[in-house]
Every structure is written in C-alpha cells, then in structure tokens.
Amino acid sequence: MATDCIDYNFHKIEPHWQTFWEENHSFRAERNPAKQKYYVLDMFPYPSGSGLHIGHPEGYTATDILARYKWARGFNVLHPIGWDAFGLPAEQHAVRTGTHPASNTQNNIVTFKRQIKALGFSYDWEREIDTTDPRYFRWTQWIFLQLFQRGLAYVDERAVWWCPELRTVLANEEVVDGRSEVGGFPVERRNLRQWVLRITAYAERLLADLKGVDWPESTKRMQEAWIGRSEGAEIRFELEDKSHGPLKVFTTRPDTLFGCTYMVLAPEHPLVEALATGDLKAEVEAYRRKAAGKSDLERTDLAKEKSGVFSGSFAINPVNGQRVPIWIADYVVMGYGTGAIMAVPAHDERDHEFAQRFSLPIVQVVESGGASLPYLGDGRMIHSGAYNGLPWQEAKRRITEDLAARGAGRATVNYKLRDWLFSRQRYWGEPFPIVWVDEAGYARAQATRPDLLPGEAVTFVQGGVRHYALPLPPEALPLELPSVQSYLPSGTGESPLANETSWLEIWFDLETGAAVPASAPRPAAGAWVRGRRETNTMPQWAGSCWYYLRFLDPHNRDAIAAPAALRYWGAPDLYVGGAEHAVLHLLYARFWHKVLFDLGVVPQDEPFTKLFHQGIILGEDGEKMSKTRGNVVSPDTLIDSHGADTLRLYLMFLGPLDAMKPWNPRGIEGVHRFLQKVWRELIAADGSVSAKASADADAPELIKLLHETIKKVGDDIEHLRFNTAISQMMIFANAVQKAPGVTRDTALVFLQLLAPFAPHFAEELWSRLGGQGSIMRAPWPAYDPSRLATSEVKLVFQVNGKHRGDQFVPVGTTQETALQLARNNSRVAPFLDGKTVKRVVFVPARVLNIVVE
RNA sequence: GCUCGGGUGGUGGAAUGGCAGACACGACGGUCUUAGAAGCCGUUGCCGGAAGGCGUGCAGGUUCAAGUCCUGUCCCGAGCACCA
C-alpha cells in the first residue's frame, strides 16, 4: 500500500516502507537448503559515540544494492549486521564517567541502529550480533581454548609497547610513528608477561593461500609484504672463545660468505654481555643501555648515521677460517632471524654504510662489471675460493649445501611476520578463560581433564614460582567480566580486573570450571584447586575474527554455528570494507579461520573469497573528514534534507566505489532531481498515475533503450560499477521525459532496476502503478538480446586517422560501400581530393580510416 | 629508499586500441512568472568570426588509429621501512 502523499514526500514514504519491510520480515534469510545462497557481508562497525559517519553508508549502500539485486535474482540472501563493540573509547568513557562501558556501548548501538535503519538497508535484524554479549563472546573464548589446546597460545615476557597515557600495552600494529594509533600518545618499551598467538605457525599457508582469493591486488601484496617470506640460510659461526657456543646468523645471501668482514649482534642479543671483553665491557654496556632507551622511531630513522661498538670478540668464518670481528649495533634488530648477522659490506647497503663509518674492510665477492659498491646485482663469484666463477645463485645453493654437509648451516625460510601479541591490560574486552595454578594443581588437572591441555604446559615464572595456565572447561563458558569499582588500570600494569580480589583469587573446580572466592573455605566435594584468574583481556580484533561465522547461526547455544549452516552458507560471497583493515583484521581472521578449518569446524580454508574496499569519502575541502577540521558530513542531515534514497544514490553516483572521492554538497541535487523527474513523469499532480504513464505502446527507440538499460544496470551491479548504472538510468529517465508516453509495463520494469538503489521510492511508485506485492520480490527483468540489435550504425570516416565526418549506414555495410560513401560525403571529400589512397582500414560498424599520400 | 595506485573540462567523473569528455554539478542565455523558486528549451574543453587548429601531467616510441600499449620523467596518494 502506497502512502497518500501527492508529491514526492520522502519524509512520509521512507518510514512507511521501512515499517512495511520490518512487519513483513522482508529481509529474513530463509532456511531453505534447496535454494541457492548469496552471503554479502559488511565489515561490522564499532559503535562509536559520534554516530554514523558518511563512510559507513557508502559501503553499506553498495552491499545493500547487491543484496536486493540478488533477492530479485532469486537467491536466498544473507545480509547481516552487528556490533564490534569491545574497544578502548567505551572504556575511556567509563574511566571518565564511572559508568559501566556496557551502558555507554548499548546507547551507541541504539544510535547506530536508528541511523542504519533510516537508510533502509535490507539487514536481517534477527541475526544481529554484539561481540560484548556473553552469548557471543562465549564462543570467542571457546576458540581461544582451541588455540590454547593446540599449542597456538603461549605466554612470554617480552618487550612490548607500553602507552603510559592509555596505561596499556599495544600491538606493533597499533603503534604508528612512535605513538599510539588511538589518541596519538607517546609509547615506550616495557617487559611484561603477555599472551601471544602463534600466527607464525601459519605463515606459509597464509601466504600461499592468498593466490586463490579474489581480493584487490594491492591488499594481497600488503599481506605478502607483511608476512615477508625470505629464503636463505642459517649459518653457524664458531666463536674464537668456544665457551660461549656458536653464533648463528640468518642471511639471504650465503653466497657472499667470503665477503663477510665483520659480524653484528643486536644490542638485545643474549651473547652481547658475554662477548664484551676487557675495557670494552663498559662501552658495550653503555651502548646497550642507550639502545634500550631509544624508541623504535629513533632506531629506525634512516636519516640517522649508523651507530655501533666493537665487542672485542671474534668469530671464525666457516668457509675460510678467517677471524671476523663482532660488533654490536642497533641496525640489527632482535626480533628477526637470530638477531645477529654476517656483514658483507661489498654487497649490502647497510653493511656498506656501517663499514665506511667504522673503517672496516670491504671485500667484493660478486663481479659487478665495474659498477660501484655496494653491488646488489647479478654476477659471478670472485675471491671465493672454489666457488669462483659461479653465478651467485648457483654459489648460494652450493655453499648452503656444503655448509649443511659440515653441520655449519642449513637452508631456512624466515618471515617478517611476528607472533600476535594477544593480551591487553584493559577491562572492556573478553576475559581469558584461564586460571593460573601451581605445579601440584596442574598435575591434578593433567589427571582430571587432560583433553583440555596443550602438549606442553604454558607457564611463567615469577618470584621463583612457576605458574601453570589452566583452561576453563568449555562448558563453564562464558567467563563474564566482574563489575569493578574503578575502570582505571591497576598501578602494576595489570588490568582493572586485578583489583577484583573475589573474582581474581579463587578456588577452582577442575572438572566443572566452577569457582568460589578464595576467601571462602575450600568446598569439600569436587576437584578444587587454588588459582588466580588471568587479568588480561583480549584485544578488539578477537571478536571480529570470526563474527562472519556467527551470522550463519547466531542463536546457537551448542556451537559457534551448526555444521549444516556452516556448510550451506559457507564463506561470504562478497565482503566489503575499508582498506585500513587490509593487513590486521583480514590476516587475523584468516589465521583463526584456518585453525577452525584444521579442527574440522569450518568446511573451507579461507574466510573471505571475494573482497572489495570502498574508497574513503573526503571532506568538501579534499581533506580527510574530521571533527577538528569541521568538514564532517552527517547522514542524518542529508536524510532530513533530501531523503535516504537520494543519499544512497548520491553516494553511489560520486564515482567508482573503490576510489577516494571528495564530497561535493551541491552534487546531491542532481540525483535528487533525477528522482523528482521520475516521480513527475509517472505521477500526476493529484498523486494518481499520470496520463503519460498510461500509454498503449512504447516507441521502438524507448524499448531498445529499456533493454540496453536492463543489461547495463545488471552488468554494472554485478561488477560494483554503481556510478555508471545510475548514469544509464538517468539516460533512460531523460528519454521517458522526451517521449510522448510510456507503458505501465515499461515503467514498472524501470522501477525494478531502480529499486536496489532507491528502494523506498521504487516500492512507492511500484505500488501506485499497480505492481504486485513488494518490488523486492518481483523477479529481476530480463533483457531481450534481439531488442539490442540495431539496423543502422554510425560509421566514422577518418582521413589519416583524423575524424572528418560520419554517416549512418546499415549494419553489414562492406568496405567497398563504405569507401564509396566516404568519397561522396561532402565533409570528407575535400580531404581526399587529388590525393592517392595508400591504404584503407575498415572496422565494420565503427570506423573507416583512409590513409592518403 | 622500496612496493603499489593515480594524474582527463571550472568540479565529480565516462570511455572492449576505433567520434575524448557519457551522466551529473556549476556557469551562461532563453521560456514561464508581478517577482522568485521549481520545471522546461538551448549553450558550455581551449583558441578562432568561420574554416579549421589544438587538447587526457611532461618527453619520446609502437600503430592506419593511443586517455588506453611501451620507455623515460615529474607530481599526488596509499602501504612498508635498517627484516640481513
């Protein structure tokens, strides 16, 4: 039932149809295994306090068009939405106001939901999820337990980024230019006990399987670079003082081993102290302290001159027995390879620079053909004993083999990818389902629930006591957050949870996971041990690592999703979201997914087979939108002034979906006029169907244009080219305007094409023009290829490649006829006059190019 | 520094190697109106009265034909950054 408004009153029309869709459950994904499925997913938002940003509806409109189009194409569509609701802003708000972050989060969700609904998106709200809901994070915790049980989670005391302002550690990825990505506060290094996920165990598969996914090439390359695979060799140098054992280095150029004139250890390398000799000890120690105080930004500043200090010790080059001095320098980092290198200044830029600065010898071992050093190109070996004359790639292979044969090295592969720092000293995150117990407690657990434990116990030592990580039994999940007095982190660097003694210090039942405060007497029956809960919480990435699976079966109490649902819906057919998640979210989610695949939980080994990034919408001034610049465009304002349909159309009309585009506030008038024009053509001044839209027959040109439009809009939607689809619909509307009339059927077909873009508008006119039911359920119109055929085409005449005239000719016109027509063409003829034709190029139905002398 | 992506009218943008500038915005002129708004009609890459010439960052090249392919170069944007 249409509204009763006389003119195009979107204030009335849009809420009307939104209510209609809601009441009719129009977007409910069916449970119908016989029907072909289409799963289209948006990156779910973090419900921030500032509400929806114009960038959200850009991507959401794109997926909504796809979803509605696929419904019309007869697919069973899954188009869900939810909330990535754990996160720092809500916690900071809680610290300021003392209110629970959950209440702030729920308020924000209400706002987001209202705004999203006002845009008329076809989400299946019955599948809404919220990562902070215990019914959801129960399964986040469950997945963590699987990682734990498989030995993919461990604790490690490691130098991590600590932000004094935020009072938490941050992942490498959350630190940008020596400052926190959130808030831009300075960060420093601290040694803290952390949970770490062994993502490096999946490095090879994460890299290899990128080949099979349909992603933007740039994103694949970013992940490749992030994983950073490099093949080389680990080479073992004996130390002159054998009491310290051998020194292992990683190199990608074992062929240049004869050119190694010194070694470098990272300042954090465990052998540094032992290798510093005599009067150099003090100098080495001073250097090490200085390096520790440097931020990564200072250390990696390429403009800075290299620094370093000689240790006083020597290693022995395994290929020629030469003594090689060992230096300590911070251009070598501990986190990659072995934290030590063999320096070959003739063939490495960094080593070259260092050697020059400290006047170390430079020995060339690859022929450079006269090119200056450092030389990194191709060439044959020199000064390399038995390997002289070999191409370097060949020498690389042979030297590696020879070293391996002598036990002095082996071919290895190294990755830049580091294990994933997975803990945060915060309140507002998923608690780890882990209890720390002593050795005796762990021994009991090994007897009681060995199925839950990893092959090797996860432990740490503090104050001479070893603590053992014990998982909660899955049936005891979720482990919920306790309410706390203060959301401020504890002074020790632990999360606020460390202050909640009754939650923290417990008697723990190994069999059931039940707990009572340690202050209470130990319960009699059951396998109770004394324990202390883990106080860290999980990072925000955790909840978003698997949410696309929960949408398949969001209310399941027994599993992350039923196997049948996982099989039927599979992975999203299309995943749309910002390129800022190119590495982190998309890599973490792939990692978890592969683990779940190995567990047999999910049937496919990649989560996101097709990915698309919507571009950023810049402010009017061409700058990134930000409150401080005052160039933020609010969807609410535009919905009020022009309507959701106009906003949706304009967002898509702005340019290619993946492009970065500035917002032009005046341009929105164009698409609004387009809708007004369609309304005016089809609806009379009194609100009834116009006389014009009641024609008996369409002009042949209009029919042809309609079929062209059906084809182009369909093709463009499939390829996410929404801007050109809209342009084609505008062309059609302009043609209708100029035509004397249009049939009801043609008008209805056109409205169907428009419906995915401007759904409220299309439903309204569909209803007024007598369309049956909801336009969403009407099958997508098919074009008739025979209608696209033309009898006449415009042939362009060129002389020497220049356009000199054109003429309509029948399809199938031959070169001879065309040439004759050109000669007779009054505009072309003068250019042929008195010239000799050297060559004629004829492209049927397109161009005739006459090359003359 | 390395790796990508991109430079087309006043603006956003369009163009399987085959008429560069579709579709819009803006601007200008007209129509309607007491006036305006909306709508409608027309013009709108640059130079030129016209004929015509020039034109897709710049310089070359391939081709009958280049925004599109190749080489070099400049500029803008993104990502990575002493990873051995």
Side-chain angles (χ1 to χ4, degrees), chain A residues 7 177 216-226 228-230 232 249-254 256 264 266 296 299-304 306 329-344 347-351 353-354 414-418 579-580 582-583 613 615-616 618 622 649-650 653-656 658-671 673-674 676-677 680 721 723-734 737-738 794-806 830 838-852:
Chain A
D7 50 11
D177 292 340
E217 282 303 316
S218 59
T219 302
K220 287 204 224 179
R221 267 191 296 268
M222 276 166 66
Q223 289 216 350
E224 277 167 19
W226 192 264
R229 183 183 201 275
S230 54
V249 300
F250 173 74
T251 178
T252 54
R253 295 294 300 271
T256 61
V264 183
D296 261 22
R299 272 182 74 154
T300 61
D301 193 347
L302 286 173
K304 279 237 168 71
K306 294 230 175 339
D330 67 2
Y331 81 91
V332 172
V333 296
M334 195 57 222
Y336 183 76
T338 63
I341 62 156
M342 61 176 225
V344 184
H347 304 290
D348 182 281
E349 283 179 22
R350 298 149 302 185
D351 298 343
E353 194 193 325
F354 191 84
N414 244 302
Y415 300 91
K416 283 192 210 173
L417 184 69
R418 312 286 163 86
E580 66 272 21
V583 177
H613 299 305
I616 297 171
L618 303 170
L649 271 174
Y650 187 48
F653 189 61
L654 228 37
D658 56 353
M660 189 185 268
K661 358 171 222 273
W663 180 260
N664 177 354
R666 282 188 300 222
I668 197 166
E669 296 298 338
V671 288
R673 277 178 213 158
F674 162 64
Q676 294 277 15
K677 180 182 291 184
R680 245 189 351 261
R721 293 185 302 237
N723 55 331
T724 49
I726 294 167
S727 149
Q728 181 66 29
M729 290 188 282
M730 287 174 165
I731 290 170
F732 184 81
N734 290 343
Q737 189 183 24
K738 291 195 167 58
K794 188 161 90 172
L795 185 68
V796 170
F797 301 130
Q798 292 180 343
V799 179
N800 289 343
K802 285 205 161 80
H803 177 237
R804 294 303 182 187
D806 48 58
K838 271 172 57 187
R839 183 175 173 184
V840 175
V841 179
F842 181 63
V843 183
R846 283 203 187 273
V847 72
L848 176 77
N849 189 10
I850 306 163
V851 185
V852 298

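Chain identifiers are assigned alphabetically (A, B, ...) following the order of the sequence lines, protein sequences preceding nucleic acid strands; residue numbering begins at 1 within each chain. These figures come from a predicted structure and were not determined experimentally.
Distance, A/F674 CZ to B/C25 P: 12 Å, rounded to whole Å. Distance CD (A/E580) to C1' (B/A78): 12 Å, rounded to an integer number of Å. Residue A/Q798 contributes atom CD, which lies 10 Å from atom P of B/A65 at whole-angstrom precision. For the pair A/K802 NZ and B/G53 P, the interatomic distance rounds to 6 Å; values are reported in whole Å. Rounded to an integer number of Å, the gap from A/D806 CG to B/A65 P is 20 Å. We find that CZ of A/F732 is positioned 19 Å from C1' of B/A24, with the value rounded to whole Å. When rounded to the nearest whole Å, the span between CG of A/N849 and P of B/C64 equals 10 Å. Protein atom NE2 of A/H803 is 17 Å distant from nucleotide atom P of B/G55, rounded to whole Å.
Nucleotide B/G9 is shown with a syn base, its glycosidic torsion being within 90° of 0.
Distance from the side chain of A/K794 is smallest to B/C19 among B/C64, B/C19, B/C82. Closest approach to the A/S727 side chain among B/G79, B/C23, B/C64 is made by B/C23 (side chain taken as heavy atoms from C-beta onward). When distances run from any side-chain atom of A/F250 to the nucleotides B/G18, B/A84, B/A22, the shortest one goes to B/A84.
Along RNA chain B, the nucleotide closest to A/A225 and the one closest to A/S218 are compared, and the more 5′ of them pairs with A/S218. Remark on RNA chain B: of its neighbouring residues A/R680 and A/A340, the 5'-side contact belongs to A/R680, judged by nearest-heavy-atom nucleotide.
Backbone-only contact: A/K677 has heavy atoms under 4.0 Å from sugar-phosphate atoms and none from a base. Across all strands, A/R221 comes closer than 4.0 Å only to sugar-phosphate atoms, never to a base (heavy-atom distances).
Comparing the C1' positions of B/G30 and B/U68 gives a spacing of 40 Å, expressed to the nearest Å. Comparing B/G26 with B/U33, their C1' atoms sit 24 Å apart, to the nearest whole Å. B/A22 and B/C32 have their P atoms separated by 30 Å, with the value rounded to a whole Å. For the P atoms, the distance linking B/G61 with B/U56 amounts to 15 Å, nearest Å. One P atom belongs to B/C54, the other to B/G60, and the distance between them is 15 Å to the nearest Å. When the P atom is used for both B/G42 and B/C47, the distance is 24 Å, rounded to whole Å. For the P atoms, the distance from B/A20 to B/G52 is 15 Å, rounded to whole Å. Comparing B/G67 with B/U16, their P atoms are spaced 13 Å from each other, to the whole Å.
A donor-acceptor pair under 3.5 Å links the side-chain atoms of A/R418 to the main chain of A/K416, judged by distance alone. A distance-only check finds a donor-acceptor pair linking the side chain of A/N800 to the backbone of A/V852 [under 3.5 Å]. Between the side chain of A/D351 and the backbone N or O of A/V344, at least one donor-acceptor pair lies under 3.5 Å. One N or O on the side chain of A/K661 and one on the backbone of A/P656 form a donor-acceptor pair closer than 3.5 Å. In this structure, A/Q223 contributes its side chain and A/A582 its backbone to a donor-acceptor pair below 3.5 Å. Panel note: side chain A/D806, backbone A/K794; no donor-acceptor pair is recorded below 3.5 Å.
Interface remark: the A/K838 side chain does not form any donor-acceptor pair with the B/C64 base, using a distance-only criterion of under 3.5 Å.
Pairing partner, B/A50: none, since no Watson-Crick or wobble contact has both distances short of 3.5 Å. For B/G21, there is no paired base (Watson-Crick or G-U wobble, both distances below 3.5 Å). Base pairing annotation: B/A14 forms no Watson-Crick or G-U wobble pair, as no partner gives both donor-acceptor distances under 3.5 Å. Shown here, B/G79 forms a base pair with B/C2; the pair counts as Watson-Crick or G-U wobble because both key distances fall under 3.5 Å. In this entry B/C40 has B/G30 as its Watson-Crick or G-U wobble partner, both defining distances falling under 3.5 Å. Judged by Watson-Crick or G-U wobble contacts below 3.5 Å, the nucleotide B/A65 has no partner.
The six-membered or imidazole ring of A/W226 lies away from that of A/Y415, with a centre-to-centre distance of 6.0 Å or more.
A/E349 CD: 12 or fewer foreign heavy atoms inside a 6.0 Å radius.
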Quick test: give all pairs of protein nitrogen or oxygen and nucleotides 10-17 of chain B nitrogen or oxygen below 3.5 Å, distance rounded to 0.1 Å.
from  : atom 1 : to     : atom 2 : distance (Å)
B/G12 : O2'    : A/L654 : O      : 2.6
B/A14 : OP1    : A/N723 : ND2    : 3.0
B/U16 : O4     : A/R846 : NE     : 2.9
B/U16 : O4     : A/R846 : NH2    : 3.1

Give each protein N/O atom lying under 3.5 Å from an N/O atom of nucleotides 41-48 of chain B, with the pair distance.
none

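In terms of phosphate contacts, A/N734 brings a side-chain nitrogen or oxygen within less than 4.0 Å of OP1 or OP2 of B/A24. Phosphate contact (OP1/OP2 of B/C23, side-chain N/O of A/R673, threshold under 4.0 Å): absent. When the side-chain nitrogen and oxygen atoms of A/S230 are compared with OP1 and OP2 of B/A84, one or more of them lie within a distance under 4.0 Å.
From A/R721, atom CZ reaches atom CG of A/D658 across 11.5 Å, with rounding to the nearest 0.5 Å.
For A/K306 and A/Y331, the positive end sits near the middle of the six-membered ring, less than 6.0 Å away and at most 45° from its axis.
With sequence neighbours left out, the ring-ring contact (aromatic ring centres under 6.0 Å, His included) criterion links A/F797 to no other residue.
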Please assess A/E224 against A/R221 for the test salt bridge (Lys or Arg N to Asp or Glu O under 4.0 Å), listing each intermediate value before the final yes or no.
CA-CA 5 Å; A/E224 277 167 19; A/R221 267 191 296 268; over 6 Å; no
